[in-house]
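Step one of this worksheet: look at the structure below.
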Amino acid sequence: MAIYCQEPSRTFSEYLLIPGYTSRECIPANVTLKTPLCKFRKGEEESPITLNIPLVSAIMQSVSNDTLAIALAKEGGVSFIYGSQSIEDEAAMVAKVKNYKAGFVVSDSNLKPDSTLADVLALFEEMGHSTMAVTENGKSNGKLLGIVTGRDYRVSRMSEDTPVSEFMTPLKDLITAPAETSLKEANDIIWENKLNSLPIVDKNGNLLYFVFRKDYSQHKENPQELLDANKSYVVGAGINTLDYEKRVPALVEAGADVLCIDSSEGYTVWQEQTLAFIREKYGDKVKVGAGNVVDREGFLFLAKAGADFVKVGIGGGSICITRETKGIGRGQATALIEVAAARDEYFKETGIYVPICSDGGIVHDYHMTLALAMGADFLMLGRYFARFDESPTNKLMVNGVYVKEYWGEGSNRARNWQRYDLGGKAKLSFEEGVDSYVTYAGSLSDNVAKSLYKVKSTMCNVGVINIPDLQKNAKLTVVSSTSIVEGGYHDVTLRSTVTPGR
């Protein structure tokens, strides 16, 4: 007969944390949220990639593009660029993130001397960058003739057909630096000469890079930003189990720091084959996560297959209807607790620590702390990030409220049938996600800071100042339905509902 799990399938809302002793050192300012993204061996100092905050963005069309990836990396997390697009387009998004802040930035806004003011305005509208290189051939590696910035023109006083050569700052008036200039030397030149940008050119006068004052300033403003060894933002990318032989090399070439197999269910031969291909071709150099799973067996399967991290959760996303349509999945809290135990068991037996990512089920900010306490090393969020300015979807006014569009990868709108691959080549037969709206919430930076301050504050109440200690020392209790009611306001009338003067 079938195997029955006697423990009910529980969600985060069915648990509370019990306070621990709060010492003098337990204040939010002392809390670190650093956490491993990829597996590492016992005795190694840390993971090959360590997150500064335990948040990554979901592999979704309505969440993770290059804009959100840059914003999240500034805060210390990682975005996984969505894979339900052409290989070329996904690789281009990855490259855009890697080039955005590399210290030495390849110019992506370039003009020829016979370009016009109209071309300048159009390029600014498209790219959003006010500094544009003027080269002989209009390419990023052409011979530098000058630059155009917002200070070189006034739209109200100039004709849009004015050639760039008439108002650009010419090369003779620019300070440039040779190819062998280090980043420190470039920043020193910028500060000594009060520059906003410094072109780096080769011995033939061809443009190689720009170094920008704002990049130095942004690092000071964003001390948690997640950078690689070349001072570029760290970025991830989603892959599937069908075209991985072509997609993976393209994403690696574009500079992706970490990949993740995007699938509704990870305990499959197809994920095993995908991981085997990556390990055979790249060894351990290419980092790749796998999933999703909801039990011990699923985790151990993917860990042994070579996954660098394992995602946990089936059917818990706010736009996911997998449980409703297929009757498969598990309450996120129960799944996470069992998989975390399996991770610790695997580490004890092999000396290899494989981080786990809780994917789905996060509704309130306090759920983040619960997920970490239950063993998650980091959290993958979709709805949370879809609400922000930096997500790729449209901001709309619906019934007097600003919202942003949000749809599941299993919806007909996404048409991401590769995510539900069961060995066939057919289109999506039925939906496992919905098309929806989420309430607009503003900027990513402000919201992430607020959410993580709550996490840090709660950790202090528990008596810990880092995630490993939270996982080791947290005490959790199951709550009853009546205690859930007790936990909110009750037996009072809110002042905002009372009509003045009555």
Side-chain angles (χ1 to χ4, degrees), residues 28 30-40 44-59 63-64 68-81 94 97-98 101 219 222-238 255-260 286-291 307-313 336 340 343 347 353-360 362 365 367-382 384-385 388 390 444-445 447-456 459 464-471:
N30 290 339
V31 174
T32 174
L33 295 178
K34 285 182 178 292
T35 190
L37 177 67
C38 301
K39 68 183 179 184
F40 59 95
E44 294 177 348
E45 289 189 9
E46 59 180 17
S47 166
I49 302 177
T50 298
L51 298 169
N52 290 329
I53 62 171
L55 305 182
V56 302
S57 68
I59 311 169
V63 178
S64 297
L68 190 119
I70 291 167
L72 184 51
K74 287 180 180 179
E75 303 305 313
V78 169
S79 284
F80 285 88
I81 303 294
V94 169
V97 178
K98 300 306 293 184
K101 180 170 176 40
H219 178 64
N222 301 289
Q224 290 281 88
E225 64 184 355
L226 198 61
L227 305 174
D228 65 16
N230 297 317
K231 306 298 184 182
S232 297
Y233 284 133
V234 173
V235 62
D257 297 278
V258 57
L259 307 175
C260 184
V286 170
K287 307 305 177 185
V288 56
D308 283 290
F309 65 84
V310 174
K311 286 202 295 158
V312 181
L336 188 56
R343 175 204 57 204
F347 179 55
Y353 188 90
V354 181
I356 58 175
C357 168
S358 180
D359 180 16
I362 302 289
D365 286 348
H367 288 170
M368 295 181 183
T369 320
L370 284 169
L372 295 170
M374 290 174 182
D377 294 284
F378 57 97
L379 320 173
M380 179 170 278
L381 306 172
Y384 179 83
F385 287 116
F388 303 148
E390 294 85 355
L444 181 147
S445 178
N447 282 277
V448 165
K450 187 183 301 182
S451 296
L452 293 184
Y453 190 85
K454 293 179 186 177
V455 172
K456 291 179 178 181
M459 288 172 64
V464 299
I465 57 173
N466 60 63
I467 292 173
D469 284 347
L470 175 66
Q471 295 170 341

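- Annotation: side chain of Lys311 is in contact with side chain of Met380 (closest heavy-atom distance under 4.5 Å).
- Atom CG of Leu227 sits about 8.0 Å away from atom OG of Ser232, to the nearest 0.5 Å.
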**Request:** For side-chain contact (heavy atoms from CB on, under 4.5 Å), just list the numbers for Tyr233 and Ile70, CA-CA rounded to whole Å, side-chain angles, deciding distance to a tenth of an Å, and then say yes or no.
**Result:** CA-CA 7 Å; Tyr233 284 133; Ile70 291 167; 3.9 Å; yes

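- Distance CD1/Ile467 to OG1/Thr32: 7.5 Å, rounded to 0.5 Å.
- Interatomic distance, Met459 CE to Leu33 CG, rounded to the nearest 0.5 Å: 5.5 Å.
- Residues Gln471 and Ala376 come closest through the heavy atom pair NE2-O, 3.0 Å.
- Within the model, atoms OH of Tyr353 and CZ of Phe309 stand 13.5 Å from one another, a figure rounded to the nearest 0.5 Å.
- Between the side chains of Ser64 and Ser57, at least one donor N or O sits under 3.5 Å from an acceptor N or O.
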**Item:** Stepwise side-chain contact (heavy atoms from CB on, under 4.5 Å) test for Ile49 and Val258
**Value:** CA-CA 9 Å; Ile49 302 177; Val258 57; 4.2 Å; yes

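- No donor-acceptor contact under 3.5 angstrom links the side chains of Lys74 and Asn222, judged on distance only.
- Of all the heavy atoms in Phe378 and Leu37, the pair that sits closest is CZ-CD1, 3.4 Å.
- A donor-acceptor contact shorter than 3.5 Å links the side chain of Ser47 to the backbone of Cys38.
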**Request:** Report the C-alpha distance between Ile59 and Cys260 in whole Å, list the side-chain angles of each, state the deciding distance to 0.1 Å, and finish with yes or no for side-chain contact (heavy atoms from CB on, under 4.5 Å).
**Result:** CA-CA 8 Å; Ile59 311 169; Cys260 184; 3.8 Å; yes

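- Between Leu444 and Phe385, the closest side-chain pair of non-hydrogen atoms falls below 4.5 Å.
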**Request:** Carefully, step by step, assess Leu51 and Leu226 under the rule side-chain contact (heavy atoms from CB on, under 4.5 Å).
**Result:** CA-CA 7 Å; Leu51 298 169; Leu226 198 61; 3.8 Å; yes

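- Put simply, the side chain of Ile356 reaches to within 4.5 Å of the side chain of Leu336, judged on heavy atoms.
- The shortest distance between side-chain heavy atoms of Leu372 and Leu379 falls below 4.5 Å.
- The two residues Val354 and Ala307 come nearest to each other via the heavy atoms CG1-O, 3.9 Å.
- In terms of heavy-atom proximity, Met368 sits nearest to Leu55 at SD-CD2, 4.3 Å.
- Judged by distance alone, with hydrogens and angles left aside, the side-chain atoms of Thr50 form no donor-acceptor pair with the main-chain N or O of Thr35 at under 3.5 Å.
- Between the side chain of Asp469 and the backbone N or O of Val464, no donor-acceptor pair lies under 3.5 Å.
- Remark: Asn52 CG to Lys34 NZ distance equals 3.5 Å, nearest 0.5 Å.
- The shortest non-hydrogen separation linking Val97 to Ala69 is CG2-CB, 3.7 Å.
- Scanning both residues, Gly255 and Val94, for their nearest heavy atoms gives C-CG1, 4.0 Å.
- Between Tyr384 and Asp365 there is a side-chain heavy-atom pair separated by less than 4.5 Å.
- Side-chain contact check for Val78 versus Val235: every heavy-atom pair is 4.5 Å or farther apart.
- Annotation: the span from Lys456 atom NZ to Asn30 atom CG amounts to 10.0 Å, rounded to 0.5 Å.
- Two residues are said to be in side-chain contact when any heavy atoms from C-beta on lie closer than 4.5 Å; Asp257 and Asp228 meet this criterion.
- For the pair Arg343 (side chain) and Gly375 (backbone), a donor-acceptor distance under 3.5 Å is present.
- Using a 4.5 Å heavy-atom threshold, the side chains of Ile53 and Glu75 count as touching.
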